[in-house]
Visitor: 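First, the structure itself, so that you have it in front of you.
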Number of protein chains: 2
Amino acid sequence: MSVESSPRLAEIVEAARELLESEGPGGLTMRALGDRLGMRAPSLYKHVADKDELEALLIAEAFRRWGAVMHEALAGLPGRAPRKAKLASLARAYRAWAQAHPHLYRLVTGGPLPRERLPDGLEAWAAQPITRAAGSEARARAAWAFAHGMTILELDGRFPPGADLDTAWDAGISALG
Amino acid sequence: MSVESSPRLAEIVEAARELLESEGPGGLTMRALGDRLGMRAPSLYKHVADKDELEALLIAEAFRRWGAVMHEALAGLPGRAPRKAKLASLARAYRAWAQAHPHLYRLVTGGPLPRERLPDGLEAWAAQPITRAAGSEARARAAWAFAHGMTILELDGRFPPGADLDTAWDAGISALG
DNA sequence: GTCTATAGTGGGATAGAC
DNA sequence: GTCTATCCCACTATAGAC
């Protein structure tokens, strides 16, 4: 079953995304999702095999949204822009998107990924802008690790209150750029 | 109630740590913990107010172990060693400890921290080696973010299978050192 | 400090009628 | 495709006897 083939399924995934974004992962239950859609939880199982399948559809949707933002952040720059400028633009977009959609961000970047249930190439497409901007695989991975580390530690409230994170971001971008 | 004042409580926290390390967070239930200690779950509540208190004791214990490893990694080097050598040593110890104790590592670095239930200064003590090696607050935060990002993405299987992560670690350490 | 018994909650999922 | 009714599971936590 795919979202394209069933408008009702697309509505369900959309409602699940809204529920996740507003309530967090603990709030995404089959009952709550049914409520939001004006149906009983058991009815959802006519559209989706189980909760895992629903989550895989949700992850795919989140990758599309996240990837679009990353691609735009790079598309707005001239191709010959210096590497540091490209990384800085990506970092800004990355951080802003994560802060605007923390639960979606965690869904896309945290925990194991059900790769076998995801459309082919989707994950690679979303990561493409970083790879292109960084100049080498190793640098792309280091840059991604830095950005993810800063982002998730910030979301989790792990830096000391009042820490100057803008400066820490700049330090990392300067070093890795 | 503190671990120092009650040997039985220390045994409970130790058993909880073993259970978490072997079974993961989902395996750490009051029933399973009781089983491991040869007692019924309700009896645990004579030693601990609730599960949150137990988790806070566990987090404190994990900080002590993790912090000890980080301090050792720095203590083994001459004080005048170059910054890059210090960071490399810390990174090696950091990565190795996380891989040896993935669930403990997640406990210490992931999610929100119940700071009000943790001994004063423990968190800062554990982070001290990174702060000292990095040379500035901003660089320390960037270095920690990079190390955490590499580590957690690796633990979660987020890099492509077969990716050369040693080289990515080296790239980050060189850049940030 | 340990036990038994049990309350209370909330979750995923199925059967079968309509 | 939706419903009602229900099952089964697992967990935290309390009450009260010993």
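In what follows, chains are A, B, ... by sequence order, proteins preceding strands, each numbered from 1. For the numbers below, each heavy atom of this structure counts, side chains included, while hydrogens, waters and symmetry mates do not. Keep in mind it's a predicted model, so treat the numbers as computed, not measured.
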Visitor: Mind checking what makes ring pair (Phe, Tyr, Trp, His ring centres under 6.0 Å) contact with A/His71, not counting sequence neighbours?
Guide: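 Listed in chain order: A/Trp125.
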Visitor: Starting from C1' on D/dC11, measure out to CG on B/Leu44 and report it in whole angstrom.
Guide: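 Nearest whole value for this atom pair: 13 Å.
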Visitor: Within this structure, what is the CG-to-P distance between B/Leu33 and D/dC11, rounded to whole angstrom?
Guide: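 The answer, rounded to whole Å, is 12 Å.
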Visitor: Would you please name every residue forming a ring pair (Phe, Tyr, Trp, His ring centres under 6.0 Å) with B/Phe63, sequence neighbours left out?
Guide: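 For B/Phe63 there are no ring pair (Phe, Tyr, Trp, His ring centres under 6.0 Å) partners, ignoring immediate neighbours.
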Visitor: Per the side-chain contact (heavy atoms from CB on, under 4.5 Å) rule, which among B/Asp35, B/Leu44, B/Asp50 passes with B/Met30?
Guide: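 Single side-chain contact (heavy atoms from CB on, under 4.5 Å) partner of B/Met30 among B/Asp35, B/Leu44, B/Asp50: B/Leu44.
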Visitor: Counting only N and O atoms by type, is there a donor-acceptor contact under 3.5 Å from the side chain of A/Lys86 to the main-chain atoms of A/Gly79?
Guide: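 Such a contact is found between A/Lys86 side chain and A/Gly79 backbone.
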Visitor: In chain order, what residues pass the salt bridge (charged side-chain N to carboxylate O under 4.0 Å, His left out) check against B/Arg31, with sequence neighbours excluded?
Guide: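 Salt bridge (charged side-chain N to carboxylate O under 4.0 Å, His left out) check on B/Arg31 returns nothing, list empty.
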Visitor: Using ring pair (Phe, Tyr, Trp, His ring centres under 6.0 Å) as the criterion, list what pairs up with A/His101, not counting sequence neighbours.
Guide: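 A/His101 satisfies ring pair (Phe, Tyr, Trp, His ring centres under 6.0 Å) with A/Trp97 only.
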Visitor: Whole angstrom is fine here: how far is it from CG in A/Asp35 over to C1' in D/dC3?
Guide: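 It is 14 Å, rounded to the nearest whole Å.
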Visitor: What does A/Gly38 touch in the nucleic acid at a heavy-atom separation under 4.0 angstrom: a base, only the sugar-phosphate, or nothing?
Guide: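 Since only primed, P, OP1 and OP2 atoms lie under 4.0 Å of A/Gly38, the category is sugar-phosphate.
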Visitor: Could you give the side-chain donor-acceptor pairs of residues 87-94 of chain B under 3.5 Å, partners two or more places apart or in another chain?
Guide:
from, atom 1, to, atom 2, distance (Å)
B/Ser89, OG, B/Ala73, O, 2.9
B/Tyr94, OH, B/Tyr105, OH, 2.6
B/Tyr94, OH, B/Trp144, NE1, 3.2

Visitor: A/Ser43 side chain N/O closer than 4.0 Å to the phosphate oxygens (OP1, OP2) of D/dC3?
Guide: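 Indeed, a polar side-chain atom of A/Ser43 lies that close.
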Visitor: Identify every side-chain donor-acceptor pair in residues 167-177 of chain A under 3.5 Å, counting partners at least two apart or on other chains, and give the distances.
Guide:
from, atom 1, to, atom 2, distance (Å)
A/Thr167, OG1, A/Asp164, OD1, 3.2
A/Thr167, OG1, A/Asp164, OD2, 2.5
A/Ser174, OG, A/Asp170, O, 3.2

Visitor: Quickly work out the A/Arg40 CZ to C/dG11 P distance and round it to whole Å.
Guide: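 Going from A/Arg40 (CZ) to C/dG11 (P), I get 15 Å.
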Visitor: Could you check which residues of residues 13-27 of chain A get a heavy atom under 4.0 Å from DNA chain C? Sort them by number, please.
Guide: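 DNA chain C contact set from residues 13-27 of chain A: none.
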Visitor: B/Leu54 has an atom CG; how far is it from atom P of D/dC11, in whole Å?
Guide: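 Value for this atom pair: 14 Å.
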Visitor: How many whole angstroms separate atom CD of B/Glu53 from atom C1' of D/dT12?
Guide: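 These atoms are roughly 15 Å apart.
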Visitor: Could you state the CD1-C1' distance from A/Ile12 to D/dT2, rounded to the nearest angstrom?
Guide: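 Rounded to the whole Å, the gap is 12 Å.
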Visitor: List the residues meeting salt bridge (charged side-chain N to carboxylate O under 4.0 Å, His left out) with A/Asp166, not counting sequence neighbours, and say none if there are none.
Guide: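 A/Asp166 satisfies salt bridge (charged side-chain N to carboxylate O under 4.0 Å, His left out) with A/Arg95 once adjacent residues are dropped.
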Visitor: Protein within reach of the bases, or only the backbone? For nucleotides 12-18 of chain C, mark each nucleotide 5' to 3' as B, S or -, using heavy atoms under 4.0 Å.
Guide: BBB----
